[in-house]
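Please read the structure below before turning to the comments.
Quick note: numbers below take in every heavy atom, side chains included, and nothing from hydrogens, waters or symmetry partners.
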Amino acid sequence: MKEEYAKQLIDGINKRYNGRIMEIEDNQGLVTRWAAEINNYVLLFTDYKESLYISGNQQIQSLQNSGYTIIPVYIEDHIDNENLISPKSVVLNSNDKKIYYSDEGIENLVSIITECISSSAKPKHMDVGIVTAIIIVINVIAYLITAYFSGNLMDADINVLVALGAKYNPLIKAGEYYRLFTCGFLHGGIIHLALNMIALYSVGPIVEKYFGKVKYIIIYIVSLLLSSVLSYLFSDSVSIGASGAIFGLLGSLLIIGLYNRKRISSDFVRSIINVIVINLIIGFTIPNIDNYGHIGGLLGGVLVTFIFIKFKKEAV
């Protein structure tokens, strides 16, 4: 319960103040605690009885040496001994969701936490993510343009798709390399568009929330481009659609799940693997599905996510 509440608060801090999630492991790598990095502060959500953990942890010492100030945030229902509380810390009452202790000199952080406590009590709604929403809008607009020139709202004319930037190998060989990018925003019919946008709506916000807007955009674009490149190399068919980039997001979720396997249910990773495998099988058994594009996108998402996570871990 306390861990879930800590996740809610960290999520609120990240959304409102452009923070990021940090993982603090014990020296044996057996226990992971959640933390939020914001403005050179690290808000570490932990148990106040484990104050020795805070002072003796190697990762925390490394952060302090890098210029970060560690602020313990204890979520408790009562305090047996206030002497155990670390300097520069905050204590939350886990019952009434209020701050009942905060040290001097961190009033700005206390106000941030207070605001997030207040917002966490409000009814939750689906947060699409601004970048995911923009990508969806671009795809819908591109389809409306395609439908207008095709004279058909349900299905797109193949010649219109090629004219608007579909992956068409002869024109790419002639130097129109932009098609490797534009093809990812075109769709062959309204059902094709709807299925891809539902998938993007389902997986995109998770990756966007985890990495933030810039890294999310990089993952999406690299996945899209690698999808198009593999399709270009191994398939002569005209290719369109956002599914390659979406496979990249699935690959990103897979790496995120594996990296956080100590605190995320194994069912999450298993579900992602099942979705990937099922869709690849469908792609190999049903005609006119660009499975090379799907595999390329998947590899792009896996590769970029692995690099981001590895760089993030080494930087700490």
Non-hydrogen atoms of Leu186 and Gly165 that approach each other most closely
CD1-C, 3.7 Å

Heavy atoms of Asn139 and Ala242 approach each other most closely as OD1-CB, 4.1 Å

To the nearest 0.5 Å, tell me how far Asn159 CG sits from Asp157 CG.
5.0 Å

Suppose we screen for ring-ring contact (aromatic ring centres under 6.0 Å, His included). Which residues come up paired with Phe185, at least two apart in sequence or across chains?
Phe181

Shortest non-hydrogen contact from Ser150 toward Asp155:
CB-O, 4.2 Å

If you look at every heavy atom in Arg179 and Leu171, which pair is closest and at what distance?
NH2-CD1, 3.1 Å

For the CD1 atom of Ile106 and the OG atom of Ser111, what is their distance to the nearest 0.5 Å?
10.5 Å

From Ser252 OG over to Ile219 CD1, what is the distance, rounded to the nearest 0.5 angstrom?
4.0 Å

Roughly how far, to the nearest 0.5 Å, is the CG atom of Leu250 from the OG atom of Ser271?
11.5 Å

Aromatic contact, Tyr68 with Tyr41 (centres under 6.0 Å):
no

Could you tell me whether the side chain of Thr182 reaches within less than 4.5 Å of the side chain of Leu164, counting heavy atoms only?
no

Heavy-atom count check: over 12 atoms from other residues, nucleotides or ligands less than 6.0 Å from Asn65 CG?
yes

side-chain contact (heavy atoms from CB on, under 4.5 Å) for Ile309 and Phe211? Distances and angles first, verdict last.
CA-CA 9 Å; Ile309 289 179; Phe211 280 116; 3.9 Å; yes

Consider only side-chain N and O atoms of Lys167 and Ser231, and report whether a donor and an acceptor are under 3.5 Å apart.
yes

Side-chain touch Asn40/Thr69, heavy atoms, less than 4.5 angstrom:
no

Side-chain donor/acceptor pairs under 3.5 Å, residues 130-137, sequence neighbours excluded:
from   : atom 1 : to     : atom 2 : distance (Å)
Thr132 : OG1    : Glu208 : OE1    : 2.8
Thr132 : OG1    : Tyr216 : OH     : 2.9

Partners of Ala147 by side chain to side chain contact (heavy atoms under 4.5 Å, CB included), sequence neighbours excluded?
Tyr143, Leu153

Can you name the closest pair of heavy atoms from Ile246 and Ala199 and give their distance?
CG2-CB, 4.0 Å

Test side chain to side chain contact (heavy atoms under 4.5 Å, CB included) applied to Ala245 - qualifying residues, sequence neighbours left out:
Tyr220, Leu224

Taking every non-hydrogen atom, the tightest pair across Ser228 and Leu180:
OG-O, 2.6 Å

Under a plain distance cut-off of 3.5 Å, with no hydrogens placed, do Asn279 and His294 share a side-chain donor-acceptor pair?
no

Hey, does Tyr232 have a side-chain heavy atom less than 4.5 Å from the side chain of Lys173?
yes

Is Leu230 linked to Ile281 within one hydrophobic cluster, defined over Ile, Leu, Val, Met, Phe, Trp and Tyr using a side-chain heavy-atom separation of less than 4.5 Å?
yes

Distance from Thr305 atom OG1 to Leu253 atom CG, nearest 0.5 Å?
8.0 Å

Separation of Met154 CE from Ile191 CD1 (nearest 0.5 Å):
5.5 Å

Do any pairs count as a ring pair (Phe, Tyr, Trp, His ring centres under 6.0 Å) and have a residue in residues 145-164, sequence neighbours left out, and if so which ones?
none

Are Leu254 and Ile273 packed together at the side-chain level, in the sense that at least one heavy-atom pair is separated by less than 4.5 angstrom?
yes

Report, one line per pair, each donor and acceptor closer than 3.5 Å where one atom sits in a side chain of residues 233-240; sequence neighbours left out.
from   : atom 1 : to     : atom 2 : distance (Å)
Ser235 : OG     : Ser237 : N      : 3.3
Asp236 : OD1    : Asn169 : ND2    : 3.4
Ser239 : OG     : Asp290 : OD2    : 2.7

